[in-house]
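Here is the structure we will look at.
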Amino acid sequence: MNIARVIVDVPAKQTDRAFDYKIPSHLEGVILPGMRVVVPFGPRKIQGFVTALQAESDFQQLKSISEPMDLNPVLNQELLTLGEWLTEKTLCYKISAFQAMLPAALKAKYEKKLVMAKNADRKLLPERVSALFQKTEEILWDDAVKSGALPLLQKEASNGNIEIIYQVKERVKKKKVKQVFAAADPNKLADYLQQLPGNATKQKEVLEYFLHEEGPVDQKELFSLFGITSSTIKGLMQKGLLGQRDVEIYRNPFGDREFERTEPLFLTDGQRKAIIPILNSIENNRHETFLLYGVTGSGKTEVYLQSIQRVLENGKEAIVLVPEISLTPQMVKRFKGRFGNQVAVMHSGLSAGEKYDEWRKIQRKEVKVVVGARSAIFAPFENLGIIIIDEEHETSYKQEENPRYHARDVAIERAGNHKCPVVLGSATPSLESFARAHKGVYHLLTLENRMNNQALPSVDIIDMREELREGNRSMFSRKLLEKIKDRLGKKEQIVLFLNKRGHSSFVMCRDCGYVINCPHCDISLTYHRYNQQMKCHYCGYEAPVPNACPECESEHIRYFGTGTQKVEEELAKILPEAKVIRMDVDTTSRKGAHEKLLDQFQDGHADILLGTQMIAKGLDFPNITLVGVLSADTMLHLPDFRSSEKTFQLLTQVSGRAGRHELEGEVIIQTYTPEHYSIELAGEQDYDKFYEREMMVRKIHRYPPFYYISLVTVSHEELMKAVSVTEKITQYIQSKLSAGSIVLGPVASPIPRINNRYRYQCLIKYKREPELGLALKKVLDNYQQDIATGGLSVSIDLNPYILM
DNA sequence: AGCACGCCGACT
DNA sequence: GTCGGCGTGCTC
């Protein structure tokens, strides 16, 4: 078994297979499946994953593995197999699947550089070249290009005087601290202390310290304790009195914060009824998918916690997925509070190094529970006892880049491997999941009531057209304003929700109707007040606001549509006494800002929390008694068959922020389309009725869950190329499908141009097409050349969540 | 993805 | 005649 099958780090069709390598004798038994290795590939050296070992190979001229990159495999057998599965399910390359399962820190970087060949005679090199090597041993390739001496260098390379070296570099280092310890016994230290000259005060202090403390101590601590620098330590080290060593440590994103320990709560009847089948499944090692359906505040989290507790008691591990966890620090508190340092947390707010450290805690079996966003589903546990997906309807569980997987699918696949339950929890389940629960594919568990049987908040829907008709042109209806004033007076807190950041959604000339668009994308620019700029949310293009209309030179330029920034200004004008905290991507991008703002709000430093999507989830503050949705229809008119579902879910969720404790809550929803069923039913908080209505719509229009959909998006700088390729693909797919299936296209994508690339697409709806995956793979193969070199991009999503 | 190899146009 | 354009095919 001295041959390794290796998947190399070259995401391309032709290299999407294993290459065999010899394992050099000194590495036999060291190299194992699931390890990263450095291998020679053509003229360069690259990273690869060993997928298997075998005794022989069909290939005759095997090269040898250069070196291992890990001491222990980073992928276990289950994850290696899962990678294969992911490849088939999402049509991605094997290497992309493996990389998606690991923290980004483990993805290799490459360095290309030039060094003088060992036997090269410096005197024979052209002067320009030897000058370059005067100060340094090696020249980075990029620097060589910049220096302009590349042709010369290449010539010398072909003469054999210069070597081109390819190097694989680790992205993130393990974090280490220097520690100092006493290297001699106390008697000897005391002896030396006597001999030290009187002016060596610093050294004396340090030695005295080590007489009582044998260490090791962090070097940094010594520095601050005695006000010394490394030279003092060095001196003592040279005398053999002290020693120094590097110790690997974990970065600690939560600082030294203590989480208050909590005990299991007494379950309500409803909770107990719901948890029994889950515990059963855990005890019997049975794979089963549960849909835990319970209104906000019905105590789903406690059911998760106690299920996990049972799993831990059985010596197994648990994965908990939450949507973008940095958004719900309260959730982290609950898990860390119950399970203490057995919990690793992985979310997008952590740095690459911090994520890597959390991942290593799992790999080294130092934790038993991981709470994290989508990618935590690949946590390298080997003994999974349960997988929980909270807020299962959230679209962030779908990855929108390759591999385009849905965490729910991965969870069910992994749970199948481990023979353990999956629990999907939501107050507003996705239609797909609820339909499956009805069909008996998932086991439906319902939590009927809120804990303590609080009433759901009362919801008022305000018709903003009516307000307009009666002369109220502001963004606040009279009723909302009145309620806000009321709460301000009572010192109760208010949450205002608006699903749009920035200031205004578009800038238009009032005289000619010209809307200022992004020059690279077919989409209007958003006005941001703080820097007086217009910004494209798709490509990042920024431009100052023009003084006159570029079309008709009129100076009547107006801002339309309302964003959070504008609301903030407006509030300051009409309610100057109210303290407002604004939360959106623009105010929370800095690390920790999110939690800080929330803490401020919780501690009562503000009356109004104004924000986008991100405040819809997880907030649980007792003093919030009013929730206002400023414009419920912002998402409703998006070109997406899920827009009703998303609107309903969002409104229901935001409403759930009010009155979660003793004080009763009230919700006001402002809208221009109060008659739309998703708004009306969100007002009644009637998910079941919404489900029925929406299922009818989906059935008529042949959308999920009645049909599966797949989306092919083609983009190219030239419009004609994009159109013609999409046309050919559409025809080909059409020819491969059975009678009941539908192909829509080619049509321009809802955003027809992004970053100067034209985008066309083709949507496939089907009930059963076992061959579709294969056909789509053929499409990719067929256009491989154009994709690789012709600037064409073809992306295929076998279960798209964003149709743009 | 890189890179080498190889076959046609515009140049010393 | 050669230098260099990028189309084609290979990498264990």
Side-chain angles (χ1 to χ4, degrees), chain A residues 1-25 27-28 31-69 80 87 91-100 104 106-114 139-145 148 150-160 162-169 171 401-403 716-718 721 725 780-795:
Chain A
M1 301 296 259
N2 63 341
I3 289 172
R5 311 220 78 197
V6 175
I7 302 292
V8 292
D9 182 16
V10 182
K13 204 235 139 189
Q14 291 154 303
T15 48
D16 189 32
R17 62 188 175 90
F19 287 81
D20 292 350
Y21 285 89
K22 258 190 300 207
I23 298 174
S25 54
L27 291 176
E28 259 181 73
I31 303 247
L32 298 169
M35 265 186 193
R36 298 175 304 148
V37 288
V38 177
V39 290
F41 196 64
R44 44 199 184 125
K45 285 208 170 138
I46 57 175
Q47 189 189 58
F49 287 88
V50 176
T51 55
L53 301 183
Q54 53 189 217
E56 41 196 298
S57 168
D58 294 337
F59 196 80
Q60 296 310 307
Q61 296 97 36
L62 291 182
K63 289 187 186 174
S64 287
I65 287 176
S66 308
E67 54 180 308
M69 293 181 75
L80 283 170
T87 306
L91 303 182
C92 72
Y93 301 125
K94 293 176 182 43
I95 188 69
S96 317
F98 291 149
Q99 273 164 357
L106 292 180
K107 194 174 163 189
K109 277 194 305 190
Y110 297 101
E111 212 171 67
K112 186 178 174 184
K113 53 194 179 189
L114 301 160
I139 301 171
L140 292 178
W141 183 267
D142 289 347
D143 294 341
V145 173
L150 195 61
L152 264 176
L153 289 163
Q154 277 177 310
K155 203 170 154 208
E156 289 309 316
S158 58
N159 287 344
I162 287 178
E163 265 181 273
I164 301 174
I165 293 193
Y166 299 88
Q167 233 172 18
V168 182
K169 296 199 82 180
R171 198 165 280 260
E401 61 203 49
N402 273 325
H716 196 272
E717 278 188 11
E718 287 161 41
K721 179 79 180 171
V725 170
L780 280 181
D781 293 356
N782 194 242
Y783 288 99
Q784 167 69 21
Q785 201 62 46
D786 270 354
I787 293 168
T789 56
L792 181 75
S793 128
V794 178
S795 88

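All values below were derived from every heavy atom in this structure, side-chain atoms included, with hydrogens, water molecules and symmetry-related copies excluded. To find a chain, count down the sequence lines: A is the first, B the second, and so on, and within it residues start at 1.
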Please report, rounded to the nearest Å, how far the C1' atom of C/dT11 is from the OH atom of A/Y166. 12 Å
Pairs flagged by salt bridge (Lys or Arg N to Asp or Glu O under 4.0 Å) wherever residues 56-65 of chain A is involved - sequence neighbours left out: none
So, do A/T15 and A/Y93 sit near enough that their side-chain heavy atoms are less than 4.5 Å apart? no
For A/D142, the salt bridge (Lys or Arg N to Asp or Glu O under 4.0 Å) test, sequence neighbours excluded, returns none
A/W141 side, atom CH2; A/I139 side, atom CD1 - distance, nearest 0.5 Å: 11.0 Å
Rounded to whole angstrom units, what separation is found between the CG atom of A/D58 and the C1' atom of C/dC12? 11 Å
Using the ring pair (Phe, Tyr, Trp, His ring centres under 6.0 Å) criterion, which residues pair with A/Y21? Sequence neighbours excluded. none
NZ (A/K45) with more than 12 external heavy atoms under 6.0 Å: no
Strand-adjacent residues in residues 60-69 of chain A, judged by heavy atoms under 4.0 Å from DNA chain B: none
Wobble G-U and Watson-Crick pairs count when both distances are under 3.5 Å; given that, what is the 5' to 3' dot-bracket string of DNA chain B, with | for pairing to other strands? |||||||||||.
Residues within residues 12-24 of chain A bordering DNA chain C, heavy-atom distance below 4.0 Å: A/Q14, A/T15, A/R17, A/F19, A/D20, A/Y21
Kindly write out the residues that satisfy salt bridge (Lys or Arg N to Asp or Glu O under 4.0 Å) with A/D143, not counting sequence neighbours, or none if the list is empty. A/K146
Who pairs with A/D20 by side-chain hydrogen bond (donor to acceptor under 3.5 Å, both in side chains), at least two apart in sequence or on another chain? A/R5, A/S57
According to salt bridge (Lys or Arg N to Asp or Glu O under 4.0 Å), who are the partners of A/E111, at least two apart in sequence or on a separate chain? A/K113, A/K169
With A/R44 via salt bridge (Lys or Arg N to Asp or Glu O under 4.0 Å) - residues at least two apart: none
Rounded to the nearest Å, what distance is computed from the CG atom of residue A/D786 to the P atom of nucleotide C/dT8? 10 Å
In terms of the angle between their ring planes, are A/F41 and A/F19 parallel, tilted or perpendicular, with boundaries placed at 30° and 60°? perpendicular
Is the CD atom of A/Q167 crowded by more than 12 outside heavy atoms at less than 6.0 Å? yes
For chain A and DNA chain B, what are the first and last nucleotides along the strand, 5' to 3', with at least one atom under 4.0 angstrom from a heavy atom of the protein chain? B/dA1 to B/dC3
Whole angstrom value for the distance that separates C1' of C/dC10 from CD of A/Q784: 13 Å
Show me the pairs that pass salt bridge (Lys or Arg N to Asp or Glu O under 4.0 Å) and involve residues 781-793 of chain A, at least two apart or across chains. A/K13-A/D781, A/K721-A/D786
